[in-house]
Amino acid sequence: EMDVLDKLKRLIRSTGKSLEAVFKQIDTDGSGSVSSEEFHRALKMISLGLTNMEIQKIMNRVDSNNDGRISYLEFAAKFREDPIFEEKMV
């Protein structure tokens, strides 16, 4: 089964938006980090058909310092590992 993180990466890439723009869209309160609620809401909106459990697993993988929030650096670290993405960012 395809890794949900990869699915998400592809989806983000397909929007043609910069990582920063996507992050700002998810960070609805403009706090500079994405809470668990914001992350869940965003992933529900794009309807990948993920369960709350799957969304939480992704959240845990992206939230590398486990503080319950995703900083832009954590977000970028997970989603820009992709060379195709790198070119778009330039």
For R61, salt bridge (charged side-chain N to carboxylate O under 4.0 Å, His left out) partners two or more places apart
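Partners of R61 under the salt bridge (charged side-chain N to carboxylate O under 4.0 Å, His left out) test: D3.
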[X] side chain near [Y] side chain, heavy-atom distance below 4.5 Å:
X	Y	answer
Q56	H40	yes
L19	Y72	yes
L8	L43	yes

Is L5 reachable from L73 through a run of I, L, V, M, F, W or Y residues, each pair having side-chain heavy atoms under 4.5 Å apart?
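Hydrophobic grouping puts L73 apart from L5.
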Minimum heavy-atom distance S71-S33, with the two atoms named:
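Taking S71 first and S33 second, the nearest heavy atoms are CA-CB, 4.2 Å.
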Sequence neighbours excluded, the answer for side chain to side chain donor-acceptor pair (under 3.5 Å) partners of D63 is none
Return the set of residues passing side chain to side chain donor-acceptor pair (under 3.5 Å) with N52 (not counting sequence neighbours), or none when no residue passes.
K44
Would you mind listing every salt bridge (Lys or Arg N to Asp or Glu O under 4.0 Å) that reaches into residues 21-38, with sequence neighbours excluded?
E20-K24
What salt bridge (Lys or Arg N to Asp or Glu O under 4.0 Å) pairs are there with at least one residue in residues 65-75, not counting sequence neighbours?
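Every pair satisfying salt bridge (Lys or Arg N to Asp or Glu O under 4.0 Å) with a residue in residues 65-75: there are none.
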Counterpart residues, ring-ring contact (aromatic ring centres under 6.0 Å, His included), relative to F75 (two or more places apart)
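Checked F75 against ring-ring contact (aromatic ring centres under 6.0 Å, His included); matches are F23, F79.
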[X] [atom1] to [Y] [atom2] distance, which is reported to the nearest 0.5 Å:
X	Y	atom1	atom2	value
T15	R13	OG1	CZ	10.5 Å
R41	S35	CZ	OG	6.5 Å
K78	I70	NZ	CD1	10.0 Å

